[in-house]
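Reviewing the structure listed below.
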Amino acid sequence: MVIDNPSVKFSSAPERPPLRHLGMPSLRRSVSGTRRRARGETPRVLLLVPSYTRVVEPSPERSSFRALGLDTFEVMKRAGTPIGLLRIAANARLAGFDVRIVDSPFAGWEQERRLVDLGGGSSLVRYGLDDAQLRSLIEDFDPDIVGVQCIYTVQWGNARALADLIKDIDPGIVTVTGGAHPSGDWQYAVPDSPFDHVVINEADQTFTALLQALTDPDGDLDAVPGIAYRRADGAVVRTTARSPYMRILPKRQGLDERLGMMPLPDFGMLDMGQYEQAYHSSGKRVRDHGSWAQIFSTIGCNVGCDFCYIPMVNGPWRALGTDWFDLHLAEIRKQGVTEVLIEDDHLLHDPLYAMRVFELLRKHDLPWVEEGGLSLFNLVLLHLGEKFAAEMDDAERRNPNFRNILAAMRSGLTCRDLIKAMADGGCYSVYLAVESANEDSLVESGKPRLNAFQQATGEIVEMFTEYGIQVTGGFMLGFVNPPERPGGEPYIESLEQIEKTIDYAVTLMGHGMAYANPFIVTPLPGTKMWDFQKDYVVRHYDNGWSHEKATMATEKWTAEDIERMRLELLVRANGPDKVTEMVRRGTWPVDA
C-alpha cells in the first residue's frame with residue numbers, strides 16, 4: 001500500500017467557482033447500492049463523459065491568423081464515441097450491475113455558452129449538456145455510483161465540477177474517475193476533487209472489482225488493485241504500487257477466455273443517433289446514412305515516447321484476436337453503424353496481423369478512417385526495404401519496435417502491399433504521425449529517427465493518395481527533454497528547427513497530403529517528460545494543455561512564439577481557405 005500526502009500544485013482556473021465538496025474522506029461503501037443488493041435488486045451505475053470546454057481568445061499579435069483577418073483563436077471541439085466507458089460497462093454488466101452511459105458533449109453538441117471569463121479577452125466556452133440537464137438525468141436514474149471519464153488534462157476542471165454537482169444532488173453517491181489525466185495525476189486528482197476514488201490506468205477489470213467492493217457488505221476496498229482514495233486523515237492511499245494489465249494472448253487463450261476479460265462493447269448503450277453527422281473528428285464521412293463509431297482491434301503501445309501517456313494508461317500492445325474483432329464488427333453493424341474510426345494505439349505494430357484486420361473490415365462493409373495515428377517509422381522501414389535494414393547499426397536494428405516489421409519484410413510484404421490492403425479493406429483516410437523534421441527532436445523523445453526521412457515519407461504519402469486514401473499529417477512543435485545526466489543541459493527544440501518542420505509539412509502537401517495538423521508538445525501528467533517539465537508550465541489545467549495552445553515557455557522561446565509557429569504551419573501548409581473553413585466549422589475541414 002502506497003500512501004502519499006501531496007500538496008496540490010495544479011488545478012482548474014482560479015476564475016471558476018470554488019468547489020463545495022472538497023476534503024471529505026472517500027466513501028468506502030455505497031450505502032444505497034448495498035441496500036439494493038440486500039433487497040435482491042441490481043445496483044445502479046451511471047457512466048458520464050463530462051461536458052467539455054474550449055478556450056476562445058484573441059489571436060496572437062503578428063500571427064498568420066491576424067494576417068488572414070482572423071482576430072479570434074478557438075481551440076477545436078473534440079469528442080467521440082466513449083469507447084473506454086463502453087469497455088468498462090461491458091464488464092460491469094456481466095458482473096450484475098445496471099449500467100447507463102451518457103455522452104454529455106455529443107448529447108448537447110450544439111449547445112455552447114461562455115462559462116468562465118479568463119481575462120484579457122479569453123474565455124472558456126462550454127459545449128454539451130448544461131448543469132440542469134445533467135442534474136435531471138442523474139436524479140431520474142438515481143444511481144448508487146457515478147463514474148466520470150477524464151481522458152484529457154484540459155478537461156479536468158469539467159470532470160471535477162461534475163463530481164461537485166453529483167455530491168450536491170446526494171453526498172451518498174460514490175463518485176469515481178478514471179482515464180489518462182487522473183491516472184497520470186492521481187496524487188493530486190484525489191485531494192483536488194470531490195471524487196471518492198480514482199481508477200489508475202487500465203480499468204476494464206479494476207472498475208468492476210471496485211463496484212463489487214463498494215456494494216458487497218463484505219467488500220474490501222484495499223484489495224482492489226490500481227485505485228487511489230482519501231483516507232480519513234486526508235492522506236492519499238494507492239492500493240497497489242503498480243496497476244495490473246490484462247494478459248490477452250490470442251495464441252494461447254481461446255475466444256471465450258478473451259471475451260471474459262474483454263467483452264464486446266455494446267453500442268446499444270449509446271444513443272447512436274448522436275453520431276449520424278456528416279462530419280466526424282477526422283473530416284467528412286463517405287456515407288450519408290447510419291452512424292459512425294470509434295472502435296479498436298488492438299490495445300496498448302510499446303514505443304514509449306517520452307511525451308505519450310498511452311503505454312502507461314493502456315499498457316503494452318495486445319492483439320484481441322481476429323475472431324474477437326470479427327464478432328465486434330458484426331455486433332456494431334446490428335446497431336446501425338455504417339463506418340468506423342479505428343482508434344488503435346499502434347495499428348501497425350504487427351503489419352501481418354493488421355492485414356487480417358483490414359480483410360474483416362471489408363467483410364463487414366465498413367469504410368474506415370485510421371485516427372489513432374499510423375507509425376510512420378514502420379512504414380518508412382517497410383518502404384526502404386531489406387537493403388536499408390541491413391545497413392542499420394545493430395542497436396537500431398534490434399529496436400523491439402522494428403521486430404514485426406522486419407518479420408513482415410522477410411515474408412515479402414512491401415509498403416505498397418500494406419497500403420493497397422488498407423484501401424481494399426475500405427480505408428479512406430489516415431492520420432500519419434509524422435511529428436518532426438528533426439532527427440534530434442525525435443530521438444531525444446524516444447521516437448525512431450525514420451520519421452524525419454522526408455523523401456521516403458513523400459513517396460509514402462503519394463502511395464496513399466494513389467490508392468484513394470487521404471492523408472492528414474500530424475506534426476509536433478516545441479520538443480523539450482530533460483538532460484541525459486543530472487546537471488546537464490536539457491534538449492530544447494529551437495525556432496529554426498521548428499521552421500524545418502513547417503517546411504516539411506509544406507513539402508508533404510506537395511506530395512498530395514490533404515491536411516497538415518500541427519500540435520504543440522504538451523507535458524502530460526504521468527509521462528516521462530512530466531517530472532522535468534512541470535516546473536515550466538502554466539499552473540492551471542484550463543489554459544493550455546490542449547496541444548493547440550502552448551503550455552510552457554523556455555529560455556529559447558515564449559509560449560506565444562510557439563503558438564505563432566503553430567498557426568504559421570496551419571496557414572502555410574493548408575492555405576487560407578481551409579484554415580478559414582476550419583475556424584468557421586470548429587472541426588478539421590478534411591473532406592474525402
Side-chain angles (χ1 to χ4, degrees), residues 19-50 82 85-104 107 129 131-150 159-179 182 189-190 193-199 203-232 237 239 266 269:
L19 299 185
R20 298 171 294 278
H21 300 277
L22 280 178
M24 297 297 292
S26 295
L27 297 177
R28 298 180 62 88
R29 181 85 61 234
S30 168
V31 174
S32 62
T34 305
R35 187 183 302 124
R36 284 192 210 272
R37 277 199 185 280
R39 295 197 300 254
E41 300 173 2
T42 305
R44 295 181 182 177
V45 180
L46 179 61
L47 299 177
L48 292 168
V49 183
L85 295 186
L86 286 170
R87 280 170 54 175
I88 64 173
N91 266 309
R93 273 189 164 182
L94 283 179
F97 292 88
D98 180 7
V99 186
R100 181 181 177 188
I101 299 176
V102 175
D103 184 354
S104 304
L129 299 177
D131 282 354
Q133 292 167 317
L134 287 164
R135 177 182 285 273
S136 176
L137 68 87
I138 293 168
E139 290 175 342
D140 287 348
F141 186 62
D142 188 24
D144 306 302
I145 299 162
V146 177
V148 178
Q149 170 184 286
C150 187
R160 66 198 291 269
L162 179 52
D164 210 44
L165 175 66
I166 294 163
K167 291 294 187 181
D168 264 354
I169 295 169
D170 181 356
I173 297 175
V174 180
T175 52
V176 184
T177 189
V190 173
S193 73
F195 288 111
D196 294 300
H197 305 282
V198 170
V199 177
D204 300 78
Q205 295 176 313
T206 297
F207 182 67
T208 298
L210 175 59
L211 296 181
Q212 291 169 329
L214 290 168
T215 58
D216 187 326
D218 299 319
D220 181 2
L221 195 68
D222 292 315
V224 179
I227 66 167
Y229 64 87
R230 285 182 306 280
R231 210 168 55 183
V237 177
T239 56
D266 180 4
M269 298 183 70

Nearest heavy-atom contact between V237 and R231 is CG2-CD, 4.0 Å
Heavy atoms, side chains only, cut-off 4.5 Å: are H197 and V224 in contact? no
Sub-3.5 Å donor-acceptor pair from the side chain of R20 to the main-chain atoms of D168, do we have one? no
Partners meeting salt bridge (charged side-chain N to carboxylate O under 4.0 Å, His left out) with R100 (sequence neighbours left out): none
Kindly write out the residues that satisfy side-chain hydrogen bond (donor to acceptor under 3.5 Å, both in side chains) with R35, not counting sequence neighbours, or none if the list is empty. none
Sequence neighbours excluded, which residues qualify as side-chain hydrogen bond (donor to acceptor under 3.5 Å, both in side chains) partners of D222? R28, Y229
Using atom types as modelled and distance alone, determine if a side-chain donor or acceptor of T34 lies under 3.5 Å from a backbone N or O of S30. yes
Could you tell me the separation between the CZ atom of R93 and the OG1 atom of T42, rounded to the nearest 0.5 Å? 11.0 Å
Criterion salt bridge (Lys or Arg N to Asp or Glu O under 4.0 Å) against R36, the qualifying member of D98, D216, D142: D142
I'd like to check the side chain to side chain contact (heavy atoms under 4.5 Å, CB included) partners of D131; sequence neighbours left out, ordered by chain and number. R126, L134, L165
Do F97 and T215 have side-chain heavy atoms sitting under 4.5 Å apart? yes
Locate the shortest heavy-atom distance separating T208 from A92; write the atom from each residue and the value. OG1-N, 3.4 Å
Indicate yes or no: at least one non-hydrogen side-chain atom of L214 is less than 4.5 angstrom from one of D144. no
Could you pull out the closest heavy-atom pair between P194 and L19, with the gap in Å? CD-CD1, 3.8 Å
Residues forming a salt bridge (charged side-chain N to carboxylate O under 4.0 Å, His left out) with R37, sequence neighbours excluded: none
Return the CD1 to OG1 distance between I227 and T239, rounded to the nearest 0.5 Å. 4.5 Å
Drop me the distance from F195's CZ to D164's CG, to the nearest 0.5 angstrom. 10.0 Å
Tell me the closest heavy-atom pair linking L27 and P171, and the distance in Å. CD1-O, 3.4 Å
Is there side-chain contact between L221 and L210, with heavy atoms separated by less than 4.5 Å? yes
Do you know the tightest heavy-atom contact between P143 and I173? O-CG1, 3.8 Å
So, using side-chain hydrogen bond (donor to acceptor under 3.5 Å, both in side chains) as the criterion, who are the partners of D103 when residues are at least two apart? Y275
Minimum side-chain heavy-atom gap L129-V102 below 4.5 Å: yes
Do H21 and I166 touch side chain to side chain, with heavy atoms closer than 4.5 Å? no
Output the distance between atom CG (L86) and atom CG (N91), rounded to the nearest 0.5 Å. 12.0 Å
Rounded to the nearest 0.5 Å, the CG atom of D266 sits from the CD1 atom of I101 at a distance of 8.5 Å
Would you say the side chain of T175 lies within less than 4.5 Å of the side chain of V148, judging by non-hydrogen atoms? no
Checking salt bridge (charged side-chain N to carboxylate O under 4.0 Å, His left out) for the pair K167/D196: CA distance, chi angles, key distance, verdict? CA-CA 10 Å; K167 291 294 187 181; D196 294 300; 2.8 Å; yes
So, for S26 and R230, which heavy atoms are closest and what is the spacing to 0.1 Å? OG-N, 2.8 Å
